[in-house]
Amino acid sequence: MPPPLAANPGHAILSSLNDAQRRAVSSDAQTVAILAGPGSGKTHTLTSRVVWLIDYVGIRPEDVIVATFTVKAAREMKERIGKALGNGREKKIVLGNFHSIARRYLAAYGRHIGLNQKFGIADDSDSRAIIARICKRRKVELDPGTVRAWISKKKAKGNEPEDVPKTARQQATKTAGQQDLDECYEEYQAQLEKSNLLDFDDLLVKCVELLREFPSCVSNIQTVLIDEYQDTNGIQYELMKLFAQKNRSITIVGDPDQSIYGWRSAEIKNLWRLLKDFPGTAEISLEQNYRSFQSILNNSLLVIQQDKKRYRKALKPVHGKGSRPVLRRLKSASAEADWIVSEMRRVIVMSGSMLNFNDVAILLRSASLSRHIESALGKSGIAYKMVGGKKFYERVEIKTLIDYLRVINQPGNNDALARIMNVPKRGIGEVTIKGLLEEAEGSTFSVWTILTKHCRGDRNAKTKITKHAEQRIAAGLIRPLENIRKKIGESVGPTGTPFGLVEMIEQLLTALDFEKHLKTSYPDDYEQRWANVQEFMNLAADFVRDTDQSDDDFLPEIEELEQVKEDEMLPRFLANVSLASDAQTAEDEGEAKPLVTISTIHAAKGLEWPIVFVPAVYNGSIPHMRAEDSDEERRLLYVAMTRAQTLLYLSCPVFNSNGNGERNELSPFIEPVHRAFANKGPCFDRPIMSEIAKILGRQLQSEDAIFKAMPDMFMIEDNLFPVDPEDTRGASTSEITHGTNQPPRAKRQKLSGPGGGHDTGEEVPWRKEYTTTMEQSSAFTVSALPGFTSASAHQAALAKASVELETNKKAQAVKRMAHNRPADQKSILGFVRSTSGSGSAALTSSQSSNHNLIPAKLSQIVTNSNKPVKPAIAPELAAHKLPAGNQLSRPSIKKEEEPVKRKAYTCFSSSPTKPAPKEEEPEPEEEKEPPEPTRAAACLHSTTFLTPVQMNGGIKRPTGLGRAGIVPVAPIEKLRKPMTTTTTKMKPFKPPTMIRRP
DNA sequence: GTAAGTGGATCCCTG
DNA sequence: ATCCACTTAC
């Protein structure tokens, strides 16, 4: 029996948690739903709960399932649980992402539902190719991609949700293509079955089937925990229920606001399904944000709150206010990239290297947006890593090897065989390969069988194959692979070393003369590719070593049900490769050089950085042109913004880069609230830097030291690029100083199209487009130094303060909305009930389904359930006050967070020290604030002040920066060149990230 | 008619 | 990097 909570009040696990987290971790409710906003310690809470359940409730590790959404999250979770649990007990937990857990069960028990035990996994390219072929053969007018998406959706949906009545329009389009789609689906499944393959969705579908029919597979499971619950889809929900069918004990963690995988059939609705299916679920909200400055949270909320249907959650800042997030407008995408580079440099220098490139992330809506940024970073010699880009396993040379292994493992895998048939070149071409595939699909034989028969002379293939090609296929493909197949399991050589995975790959490489193939096919970078092959061998060796000694992959024995142990290395290795989005990062060994991170927003979920740039915030990028669900796009932006700890920059190129002067509209998510952003980077005075140091728990150098380390001619302000790129007079170079003669523009040009914003009537409070000579000169003498302020800036600050007072009242009202949950929305259940009827729209953002049943049923459930539903916010928490000094430290995660005393850093001038944020009342909203007292442009003659970062055109540069002062624009191909010169032992490719150095 | 090489437009997010 | 339309060599 679990000891009562009171018996362990001071237990180590609980001591590192705040009140809400503690309640979540130690809850004895059967089902627990934890709603966790960004930066609220979600993973920490979930891992603590696992430890709690095992150590204090007494559940055996092997009886716990923990499912995450990504491989990476699973790995991290395992590591953290391992640390807390000790004894390597975390290895016994059935822990992984949904797909790998499903695969494990299918490998062990799939036989019982008639699954061929040696099933392979059809990856992306497989299923794409199969579907493309089917479409072509049937002459279906549909785009193969669409068909594939349709099939995937159909599988991912699961059975449970009632069929949504289609709108008339949908019905019409459906019926037109319905027949085709259904037939393609059927044929696709038949093809997969014939090749003994399961695609990613099938893994889940089949596992559901298995657990339905043989519940005893999971009869040992006592409790189930799900991470990133908002991203589960219908079939995963079913799987979760089946995992937990014995005890119905489930803990989920999620945040509806961060649901960004709807396009992959994730359903926010699953949260309400859970509440419906598991009455008496305890809800706990984690609302304190330990990650970000208040101003970042404020602006993020301004974005997410535009979604009126959303379940409103609070986001309580723990840290100080910080500087205003920036919305920067640039002329073009390349100017944007150059600005990002210059701004990150400025931050780093101004911080006295307290911050470095490792602290910077650039988050993109689309991976393809990285082009300009990569080249700008390359030009400046800044190293970066790209996540979510090309994966190790997707490099061609690796993919080819894997395909060879797959054909060895499963000769019937036609697609893999088709891809390798002419690699290395064997004089066989597209047409022949296509013909063979067609022939195979029309017969009972696989391509491999047809080929062997043909070469042996047993039976001629219908497809024409030249004699030359035939010979080379026989000698270079069929024979070597058959030799290898024969050797599996044998011992080789006098020493009797077993013929394992590594030996197999070695022999394959020799038989194919793979090195020579690489040399001839890729003369430019063959070394790199060959090194990748070596690395692949290392990975294989690691895999063999790791799997030999750990019982990682096995499920606990169930008495009544026979389970198959996977003893063969090859199929397990291949499954691992297919399911791993990135390789087991065996990295480290000196992460010496700081790297800027470039990532897609999707891949950045769950991560955080001190400095975050979100470029390309325009309509068409975010929301994406092809996006169906604009609410989801908004959440995506919200996720991106909430990754930032201390500095957040959005930016938007005004003109379309590829086009002929086409304009970009500012993202509709930002347009209505753009006034809450500063129009250029903040000035990094002492108070701001101290605040940053505090939030990050770092030590800030003295002002003197920072100043001394500053490069000559350093641009202290964000002034290299015009704040209004459309102001042709104010081009970034020499015209700035002439601009003073122009009358100030009454109103900034709007970025949005007709009806986009509602500027009318709103007075823009004194916004200057450029500065006077007076200010400039003062800026560049005194106020340009950190901690010094010019008189004019001081006055601006005072003016700002008085405006703040005026707007306080109104702002506070807004603020309350922002930070406190509305009274009518105490809990999720309350939300569901209060939005009854029309509330069904709130449940499902995209599809409107008939979920009217929920409110009534739920209210019944609430009264009937034995466990009273707790209010989401404990009363004492609702009136929560931050401790004086604002030094609530993040529980346990941050180590020695040394509180930085504001007093310790006195400013040298009369510059008013930033008042400490008021603790009782949240700071007033910034929406109506005048711009921060921006310091004057720090240059009179901009040409002489350009830093090396400025790249526009062939601008004269300070001496010592390259011949003729003009940096040749490096073509992107050049950036890709491997660095083979310096390193002795080349580490060619470090999964999961790609590191490129100029 | 097939294989192989070339130049040009295009590219979202993931297991 | 991947997918084409197009040319050239066998």
Side-chain angles (χ1 to χ4, degrees), chain A residues 67-74 96-103 121-129 132 144-145 148-149 152 155-156 198-204 228 231-233 235-236 259-266 363-371 386-391 393-397 399 421-435 463-466 468-469 472 520-522 525 575-582 599-605 616 620-629 632-633 635-637 639-640 658 972-973 976 992 994:
Chain A
T68 64
F69 187 63
T70 63
V71 179
K72 199 168 139 206
N97 54 335
F98 272 102
H99 291 87
S100 57
I101 293 177
R103 195 206 67 85
I121 295 167
D123 65 20
D124 236 33
S125 43
D126 291 325
S127 57
R128 210 181 292 275
R148 191 164 166 275
S152 175
K155 288 179 179 175
L198 298 182
D199 69 17
F200 287 126
D201 299 308
D202 281 338
L203 286 175
L204 305 178
E228 304 281 15
D231 290 326
T232 55
N233 59 30
I235 194 84
Q236 285 166 335
S259 163
I260 52 176
Y261 283 94
W263 54 278
R264 233 182 73 191
S265 316
L363 305 183
L364 309 167
R365 169 69 250 259
S366 316
S368 55
L369 291 167
S370 70
R371 280 296 130 91
M386 178 91 196
V387 298
K390 267 274 156 292
K391 320 276 189 326
Y393 290 132
E394 284 169 18
R395 319 219 88 200
V396 268
E397 63 274 16
K399 227 173 154 351
M421 214 180 284
N422 201 30
V423 183
K425 294 232 178 309
R426 297 190 177 95
I428 202 166
E430 237 175 283
V431 180
T432 314
I433 292 174
K434 272 231 172 72
T463 315
K464 225 195 260 165
I465 305 174
T466 60
H468 178 66
R472 293 175 72 176
T520 51
S521 306
Y522 310 96
D525 56 353
N576 189 287
V577 165
S578 310
L579 286 175
S581 59
D582 43 37
S599 170
T600 59
I601 300 175
H602 283 92
K605 197 168 68 164
S621 170
I622 185 159
H624 193 270
M625 246 155 39
R626 277 184 47 201
E628 299 145 22
D629 183 353
E632 176 158 320
E633 297 290 306
R635 291 193 294 267
L636 201 50
L637 184 57
V639 168
N658 60 343
I972 203 103
E973 288 75 25
R976 296 249 161 75
M994 177 156 38

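By convention in this document, chain letters (A, B, ...) are assigned in the order of the sequence lines, proteins followed by strands, and residues within each chain are numbered from 1.
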Rounded off to whole Å, could you give me the CZ-to-P distance for the A/Arg472 and B/dA3 pair? 12 Å
State yes or no: are the ring centers of A/Trp263 and A/His624 separated by less than 6.0 Å? no
Distance check needed: C/dA1 P versus A/Met386 CE, whole Å only. 12 Å
In terms of side-chain heavy atoms of A/His624, which of B/dA4, B/dG15, B/dC12 is nearest? B/dC12
Output yes when A/Arg148 and A/Asp199 qualify as a salt bridge under the 4.0 Å nitrogen-oxygen rule, no when they do not. no
When the distance from NE2 of A/His602 to P of B/dC11 is rounded to whole Å, what number comes out? 18 Å
Reckon A/Leu364 touches a base, only the sugar-phosphate, or nothing at all at heavy-atom distances under 4.0 Å? nothing
Side chain of A/Tyr261 - closest among B/dA4, B/dG15, B/dT14: B/dT14
Closest of C/dT2, B/dG15, B/dA3 to the A/Val396 side chain is C/dT2
Among B/dG15, C/dT2, B/dA4, which nucleotide sits nearest the side chain of A/Asp201? B/dG15
Go nucleotide by nucleotide along DNA chain B from the 5' end; which of A/Phe200 and A/Glu633 gets its closest nucleotide reached first? A/Glu633
Output the rounded distance in Å from CG (A/Asp629) to P (B/dC13). 18 Å
Would you tell me if any nitrogen or oxygen in the side chain of A/Thr432 comes within less than 4.0 Å of OP1 or OP2 on B/dA3? yes
Sorted by chain and number, sequence neighbours left out, side chain to side chain donor-acceptor pair (under 3.5 Å) with A/Ser152 holds for A/Asp201
Relative to the 5' end of DNA chain B, which residue comes earlier, A/Val431 or A/Arg365, by the nucleotide with the nearest heavy atom? A/Val431
A/His99 meets the side chain to side chain donor-acceptor pair (under 3.5 Å) criterion, sequence neighbours left out, with none
Could you tell me the separation between the CD1 atom of A/Ile433 and the C1' atom of B/dA3, rounded to a whole number of Å? 11 Å
Smallest separation among heavy atoms of A/Ala616 and A/Ser621, with atom names: O-OG, 3.0 Å
Measure from NZ on A/Lys464 to C1' on B/dT2 and round the result to the nearest Å. 9 Å
Looking only at B/dC13, B/dC12, B/dG15, the nucleotide nearest the A/Asp124 side chain is B/dG15
Nearest of B/dT14, B/dC13, B/dA4 to any side-chain atom of A/Ala603? B/dT14
From the candidates B/dT14, B/dG15, B/dA3, the one with an atom nearest any side-chain atom of A/Trp263 is B/dT14
May I ask you to say what A/Asp123 touches in the nucleic acid, namely base, sugar-phosphate or nothing, with a heavy-atom cut-off under 4.0 Å? nothing
Looking at B/dT14, I'd like to know if its phosphate oxygens (OP1 or OP2) sit under 4.0 Å from a side-chain N or O belonging to A/Asn97. no
